[in-house]
Structures are given as C-alpha cells and as structure tokens.
Amino acid sequence: MATKKTTGQNTIDVALIGGGIMSATLGALLKLLEPTWTIKVFERLDAVAQESSNPWNNAGTGHAALCELNYTPEKADGTVEISKAVAINEQFEVSREFWHHLLTGGHLPEPASFISHTPHMTFVRGAANVDYLKRRFTALSAHPLFSELEFTDDPAVIAQWAPLLVLDRDGDEAVAATRATSGTDVDFGALTSQLFDFLTAHDVELNLQHEVNRLKKRKDGTWDVTVKDVSWNAKQGPRTVNARFVFVGAGGGALPLLQKAGIKEAKGYGGFPISGEFLRTDNPEIVAQHQAKVYGKADVGSPPMSVPHLDTRVVDGKTYLMFGPYAGFSPKYLKKGSLLDLFTSLRTHNIGSMLGAGLKNIDLTQYLVGQLVASPEAKFTALQAFMPTAHPKDWEKITAGQRVQVIKKDPVKGGVLEFGTEVIAAADGSIAGLLGASPGASTAVPAMIDVLERCFPQQFATWRPALGAMIPSLGQATWEATELDSLSASAGPSEEAVGAR
C-alpha cells in the first residue's frame, strides 16, 4: 500500500488516528460524501490492521446476534429479552449494505476476499440450557430478522449441521442447537487494508510508523496534532499537523489520546484491559468436518467475554478452526503497547470509577485469576466439552488482541464496566473517538455514521440522501419482510454474503 510524504503545514480537513477498521470506515464515508476534503491518516505501526482489526486478534464473526447468547439475557420472569440482539443485527446489516455499495461501485475487490458464508450456531448442554435455548429461539424467530433461525434438540440433526459437536459424545447428555445459515465470517484485516487502498487511491495520505503523542486545541477550534516518525531511519523530529476535525480510532490507545486532548466528555472514563488466547488448527481433516461458528453458554458467574466458541475462520483464503477465548491479564492497552498503559491512564477524575467498577466486578477478577492459573490440560478440557474428539496434537495456542473494556462513572455505583462500544465526541464536534470492544468491527459503519451525525450536524442533513442511497435501511424504524426480500433480490450471487439477506 503506497504512502505519501506529508508536505507543508496548511490546515487539513480531517486527521484520522489509527489504521484500523474504524478509521478506514470513517475515511471511506467521508471520501464518498466530501471528495474534495483533505484527509491524513497516522498509524504508529508499519502496516494497517495490526491490532484489533487483525483477523487473529478478533472473533471475526460478523456479529449479528444470531448465535451470541450474551445479547439475549433471560429475565427474572423466564422470558428472553431480544432488543439488544435486534439492534446489533440491524447494525451489522447497515455495515453489509455499505460494503455492498463499495463493491458495486468498484471500490473493493470481490466479496470472497474478505467475507464468506459461514452458518452461525448456538450449542448448549444440560436440560436447563436446552430449555433456555428453546425459549430464545421462540422469541427471536418471531422477528423478521431472525425468521430463518432453526432449532433442534436431536443429536442426529446436530450431527448433520456440525458433526464434531456430537461425535463420541455421551448419548444421555441433553443437547440442543440453533442455526442460521446466512451467517458470515469476516476477515476485518483484509477489509481494512482494502478500504485503505481505496482511500490512498483517492488522495488520502497514509502515514505509517507515525505516532501521535499530543493533541492541543487552538482558539479557532482546530486541533494541532503532534506526530512523531518512529521508523528506525526517521529523518525529522516531531511535527505538527493542524486539522479541523480529529477522529481517534486507535483501539485501546483511544482513551489515553482523548485524555491528552483534555475534552470534558472523556472525564470519568477508564479502561480495563483483558488479553486473550485461542486454540487454532489447520488440520484439513478436522477443518473439513466443521463449517460453522458455534457459540456456547458461559459458565455461571463468568463475564460475557468468556463465552466459548468454536469457529470456522477464513484468513487469506485458507480455512482454520479456532476455539476460545481463554482470558488473561496484561496492563497494556494495545497488543504492541506499553506495560504502563493502565497506570498512566489513571486520573483524579477516573480513579473513583475504576475502583467502583472493580468492587462491583469481583466475579471478573475471580474469572481472570482462574484463567491465569489454569493448566494447559484444564484449558484443553474446555475444547473437549465442545468437541469430544479434540486432541492436543492438532491444536496450537495463539495470542489474541487486547480488549479494553469501558469503565464509566455512575452516580450510584461509582463506576460501571461496559462490554460494548461507545463513541465519545466533544460538544463542538471537533474531535471524537471510539472506546470499547465487542461487537466492535461488525458495527463499524453505524458507529461511524453516529460520529458523522454528532460531529457534523449541519452537513449531515445534506448528506442524508447520499447515505440513504449507499445504505437503504438507514433510518428505518422497523424491518418488514417485504423490505428484506427486496434487498436480498437486489444482491447478485457473488455479492450475496455482503448484501442484505
């Protein structure tokens, strides 16, 4: 991917900090809406998509809430709440529609280069979990977005869907599964790189190995962005780029940069970093027997990020299976970050929220400690609970990316730990950033449209028709089956995985 040298000190329209899916998505939206705007991107590593957007650093499910049980909690009266699942599914649909628009416009290569059809399944064991899954299926399948969902508690049917789940399993164990055949596997690393290829081909300047270490607001409302070339043969010291708008899409590095900017909207926020590990196999005999993303149910008392899943992953055209996650702890906010990240993020305004969240999440601490002290044999047992025939010789351990969970101030609890993503924007719209983890990349497009609406309120009204042409479902209050059928019919065979179902 070609890069350009920065020249001059004139004010630019947009500075994007971070070379991940969020900056790439926002850049693509702005380039299509305002082709004449000047945009510069600053990434501290030597390539884009090396942190959370890297395919081995995220789950890559294309989160649509088809299989993730933490998006459909059971209420006290036994009913299953589906509102969060519906919202996430709608958000992923928005992302797919935008990718479809870029594909039909020739701005991205063929869909198979970053997305593939992979059924999404949920698999549970035990009578109580089987009962819950059936109630979840009944609640979800009544909604148009989930009407294709299938349920079975017959091991023979599950064997047809995903044979490794039931092969050599105790026949007396109660099991059940749901399946959505329209699910996808997304290589967000490939997609991010392709979006940056589109941007650099349209005069967006990508500066690799350039680290932003200071953000200072001028009296005129623009921002001085101090950037340092961190390449081994750098020929100049830190320099300043002035920008009318700054977006911080730096993953775990977003919070420290927003703190440096000094905006009041970031006060009270903290971040709790969690590292992760997965088991991976590319054994063709095993891979050929499992074509699905299968999510299970977290153990009682375990946090949402502990939900086990056995996933088909397609990276650079090759198919793998991945199981996890196994959580760990590191004070780094980025996989290639500093061991001081957590400590240097502490401020007088967020210590209370950090302590409050810690006291209210003792179960998370216990879970992390348990994961850290667990033996390799104990960890492998978790895979065998999913796949009874699994053997250690076929699997290797890989380290996933750092996830920084959002901690917010709470007037009652002091601080609360959030497991989603959140946009923080200054009141004047001159700077914004994204904090949090899952569902993350899958909802990049609606998240960045939120940034546009909040930070460019005057322009947004004029952008609406263009956005509506790119993303037909944008702004709809509800989904109707006829609308889904119409959108599905408009997608060609090669684009089916990207276009709406």
Side-chain angles (χ1 to χ4, degrees), residues 4-20 22-23 26-27 30 34 37-45 51 204-231 234-271 333-334 337-338 340-351 404 406 422-435 448 451-452 454-459:
K4 297 179 180 180
K5 299 292 184 182
T6 302
T7 57
Q9 293 296 322
N10 295 330
T11 299
I12 62 173
D13 293 299
V14 178
L16 302 175
I17 303 174
M22 297 298 171
S23 291
L26 183 58
L30 285 171
E34 296 289 348
W37 281 14
T38 51
I39 302 174
K40 294 185 179 183
V41 185
F42 302 100
E43 165 56 47
R44 70 189 187 93
L45 300 179
E51 286 282 352
V204 170
E205 183 177 299
L206 173 61
N207 297 274
L208 300 176
Q209 294 185 285
H210 278 71
E211 183 173 17
V212 173
N213 50 39
R214 189 168 184 261
L215 292 166
K216 183 175 177 58
K217 192 173 185 180
R218 289 187 180 182
K219 291 182 179 179
D220 63 4
T222 63
W223 287 88
D224 281 339
V225 183
T226 303
V227 186
K228 181 181 179 181
D229 184 343
V230 294
S231 59
K235 296 180 180 179
Q236 57 180 327
R239 55 195 170 88
T240 299
V241 176
N242 184 245
R244 294 186 177 90
F245 172 72
V246 175
F247 174 70
V248 186
L255 177 61
L257 284 172
L258 290 170
Q259 289 176 333
K260 288 181 179 180
I263 60 172
K264 66 179 182 180
E265 291 78 8
K267 293 187 182 299
Y269 279 89
Y333 274 1
L334 293 164
S338 167
L340 298 176
D341 285 342
L342 174 60
F343 309 106
T344 56
S345 73
L346 295 175
R347 300 287 191 278
T348 55
H349 58 72
N350 69 6
I351 287 179
V404 180
V406 178
E422 184 161 348
V423 171
I424 294 180
D428 65 358
S430 63
I431 187 171
L434 186 87
L435 302 181
M448 294 305 97
V451 170
L452 294 179
R454 292 169 61 178
C455 296
F456 301 93
Q458 293 181 332
Q459 294 96 326

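What you are looking at is a predicted structure, and each value in this text was computed from that prediction instead of being measured. We use all heavy atoms of the structure for the numbers below, so side chains are in, but hydrogens, waters and symmetry mates are not.
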*Check whether any side-chain N or O of Ser345 sits under 3.5 Å from a backbone N or O of Leu342 as a donor-acceptor pair, and report yes or no.*
yes

_Side chains of Leu258 and Tyr269, heavy atoms from C-beta outward: is any pair under 4.5 Å?_
no

*asked:* Please determine whether the number of non-hydrogen atoms from other residues, nucleotides or ligands lying under 6.0 Å from atom NZ of Lys217 exceeds 12.
replied: yes

*Is there a side-chain contact between Ile17 and Leu215, using heavy atoms and a 4.5 Å cut-off?*
yes

*Considering non-hydrogen atoms only, spot the tightest contact between Gly253 and Pro256 and give its length.*
O-CD, 3.4 Å

*asked:* Would you say that His210 contacts Arg239 through its side chain, given a criterion of any heavy-atom pair below 4.5 Å between the two side chains?
replied: yes

*Rounded to the nearest 0.5 Å, how far apart are OG1 of Thr38 and CD1 of Ile12?*
5.5 Å

*With distance as the sole test, does Arg454 use its side chain to make a donor-acceptor pair with the main-chain N or O of Val423 at under 3.5 Å?*
yes

*Smallest separation among heavy atoms of Ser23 and Gly18, with atom names*: OG-O, 2.8 Å

*Are any non-hydrogen side-chain atoms of Leu334 and Val404 less than 4.5 angstrom apart?*
no

*Nearest 0.5 Å, what's the CG-CZ distance between Leu16 and Phe245?*
8.0 Å

*First locate atom CZ of Arg244, then atom CG of Asp220, and finally report the distance between them rounded to the nearest 0.5 Å.*
9.0 Å

_Met448 side chain reached by Phe247 side chain, heavy atoms, under 4.5 Å_ = yes

*Interatomic distance, Lys40 atom NZ to Leu206 atom CG [nearest 0.5 angstrom]*: 12.5 Å

*Sidechain-backbone polar pair: Gln259 side chain, Ala266 backbone, donor-acceptor under 3.5 Å*: no

*Are any of the side-chain heavy atoms of Glu51 and Arg44 separated by less than 4.5 Å?*
yes

*Compare all side-chain heavy atoms of Leu452 with those of Leu30 and state whether any distance is below 4.5 angstrom.*
yes

*asked:* Do Ile263 and Ile424 make a side-chain contact, defined as non-hydrogen atoms from C-beta onward lying under 4.5 Å apart?
replied: yes

*To the nearest 0.5 Å, tell me how far Lys216 NZ sits from Trp223 CH2.*
9.0 Å

_Test item: side-chain donor near acceptor, Thr240 and Asp224, under 3.5 Å_ = no

*Ignoring hydrogens and angles, tell me if any N or O in the side chain of Asp13 forms a donor-acceptor pair with the backbone of Ile39 under 3.5 Å.*
no

*Minimal non-hydrogen separation, Thr226 against Pro238, with atom names*: CG2-CB, 4.1 Å

*Which distance, rounded to the nearest 0.5 Å, do you find between the CD1 of Ile431 and the OG1 of Thr222?*
11.5 Å

